[in-house]
Amino acid sequence: MLEARCHCGRVSIIVPRRPRLLTACNCSLCGRIQPLFAYYKAASVEVRSTADGLDSYAWGHRVLRWYRCGYCGCFTYHEPAQRRPDGTSRIGVNLALVTDSDHLTGVAVNLRDGAADTWEVIDRFRFGILPGQ
Ligand SMILES: [Zn+2]
């Protein structure tokens, strides 16, 4: 179990396990806020928030809704605007906000090319490990 928490602590996200993979992206939004997403079934993720905690944002084709703390502004997770036909959904939790980043050391990070709109993996590295180590 890992916890990601916004800066002021109004929003926290509990995920069931260490991720196998993190996703970084260079799209116009991620390039600005530098999240590291790990994906989980929505039903396995617990979102805790004060009543005034969550705000959301959608852009472009609005396929994703991005949730951020309405007070300190940290982006905490995103979720498809529409669930699948079977009612399930997959949440991208921003583990750049993890409370103890030691839990992520060595996890593979794929950098995807959102800027070119291809979403191809253009770089791979490991969290917390410098090149050559
Ligand atoms: Zn906050």
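All values reported here derive from a predicted model rather than from experimental measurement. Numbers here simply count residues along the sequence, with the first being 1. Both counts, for ligands and for their atoms, begin at 1 and track the order of listing.
- Using a 30° and 60° split on the angle between ring planes, Trp66 and His78 fall in the perpendicular class, above 60°.
- With no hydrogens or angles considered, a side-chain donor-acceptor pair links Ser56 and Arg65 at under 3.5 Å.
- For Cys8, the nearest N, O or S atom to the Zn ion (ligand 1) falls under 2.8 Å.
- Between the Arg126 side chain and the Gly106 main chain, a donor and an acceptor come within less than 3.5 Å of each other.
- Here the angle at the Zn ion (ligand 1) defined by SG in Cys72 and SG in Cys69 stands at 110°, rounded to 10 degrees.
- In summary, no N, O or S atom of Cys74 is located under 2.8 Å from the Zn ion (ligand 1).
- Rounding to the nearest 0.5 Å gives a distance of 13.0 Å between CG of Asp117 and CZ of Arg112.
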